Amino acid sequence: IAGITQAPTSQILAAGRRMTLRCTQDMRHNAMYWYRQDLGLGLRLIHYSNTAGTTGKGEVPDGYSVSRANTDDFPLTLASAVPSQTSVYFCASSDRRGQEKLFFGSGTQLSVL
Amino acid sequence: AQRVTQPEKLLSVFKGAPVELKCNYSYSGSPELFWYVQYSRQRLQLLLRHISRESIKGFTADLNKGETSFHLKKPFAQEEDSAMYYCALRGFGGNEKLTFGTGTRLTIIP
């Protein structure tokens, strides 16, 4: 079934550890996004990529990095996790450089202790 | 800067009663507005967008540029409408990313 796959589904992580959240889509969408969802704050954009080989910073990029080596994959890396990065992370994609609706993954629940 | 405000974090409505989820925005141009919904144990998905001017699952939303609002309405609430609703804005002219509001959790009381 076409769509977006995120892994892992959930993770408990010690502060200071490095963690990569994986996101893969098979819809050949150009644009991909990482959001974090926090109670009372809604969805906030972390990083985005309009096309393979390019990335950009969103609203809350500090402490996160991304790469877009190909169209399908858009991993999000926390170089040294901190408790404030405890959140639900959603990957999304859209066609035509963001002109169409977003398709979301099922999310990754991350707890940093 | 673009901003989306959803003043209600929680909203409870009796089944059969009208529903209105409020959304206000600030943007210096002509934005595109959306409503996204997340049902329990499902992925976040698009409910409707203002340029389509359509009714989805009985919901409608009209863009009011004078009041900078895009409220979501349904005349008769159903239990399956219980979900988290997000209003979102996309600007034009190079700033094409979606900005989401803080969300409203709607609970329909049987």
Side-chain angles (χ1 to χ4, degrees), chain A residues 1-7 9-10 23-25 27 29-51 54-61 66 68 74 87-109, chain B residues 1-11 21-27 30-52 54 56 61 70 72 83-106:
Chain A
I1 297 176
I4 296 183
T5 303
Q6 288 185 238
T9 303
S10 65
C23 176
T24 299
Q25 54 102 358
M27 298 175 283
H29 284 169
N30 288 324
M32 296 188 74
Y33 311 85
W34 275 104
Y35 287 89
R36 58 178 290 174
Q37 182 186 44
D38 300 290
L39 193 64
L41 298 176
L43 286 161
R44 293 180 293 169
L45 183 65
I46 304 171
H47 284 287
Y48 67 94
S49 170
N50 285 330
T51 189
T54 68
T55 63
K57 293 181 179 181
E59 182 184 356
V60 288
V66 291
R68 188 86 185 277
F74 191 45
S87 186
V88 180
Y89 291 85
F90 287 98
C91 181
S93 72
S94 67
D95 201 1
R96 291 179 53 209
R97 199 168 168 255
Q99 294 300 313
E100 301 300 325
K101 69 178 183 181
L102 294 187
F103 289 82
F104 282 86
S106 55
T108 294
Q109 171 72 61
Chain B
Q2 56 196 53
R3 179 187 289 266
V4 177
T5 302
Q6 293 180 252
E8 304 142 328
K9 291 184 178 178
L10 303 171
L11 182 63
L21 286 80
K22 291 184 169 53
C23 173
N24 289 90
Y25 68 90
S26 63
Y27 182 68
S30 293
E32 188 173 6
L33 275 296
F34 305 81
W35 277 98
Y36 278 80
V37 61
Q38 188 175 27
Y39 300 104
S40 178
R41 286 185 287 278
Q42 293 189 29
R43 302 182 182 205
L44 195 63
Q45 58 187 286
L46 178 68
L47 180 62
L48 54 81
R49 56 199 299 183
H50 90 271
I51 61 172
S52 300
E54 57 194 345
I56 303 294
F70 189 57
L72 183 68
M84 190 74 174
Y85 291 80
Y86 289 98
C87 184
L89 175 153
R90 179 163 61 211
F92 288 93
N95 187 7
E96 299 167 345
K97 296 173 289 297
L98 275 184
T99 296
F100 285 86
T102 52
T104 298
R105 180 164 296 283
L106 175 65

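Each chain gets a letter, A, B and so on, in the order the sequences are listed, and its residues count up from 1. Not measured: the values here are computed from a predicted model.
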Side chains of Y36(B) and K101(A), heavy atoms from C-beta outward: is any pair under 4.5 Å?
yes
Measuring heavy-atom distances to chain B, does Q37(A) have an atom under 4.5 Å in its side chain, in its backbone, in both, or in neither?
side chain
What part of F90(A) gets within 4.5 angstrom of chain B, counting heavy atoms only: side chain, backbone, both, or neither?
side chain
Measure distances from Q38(B) to the heavy atoms of chain A and classify the residue's part below 4.5 Å as side chain, backbone, both or neither.
side chain
Nearest-0.5 Å distance, CG of residue L45(A) to CG of residue L98(B)
9.0 Å
Counting heavy atoms not belonging to L41(A), are there more than 12 under 6.0 Å from its CG?
yes
Close side-chain approach of L44(B) and L43(A), heavy atoms under 4.5 Å:
yes
If I take atom CG from residue L102(A) and atom CZ from residue R43(B), how far apart are they, to the nearest 0.5 angstrom?
13.5 Å
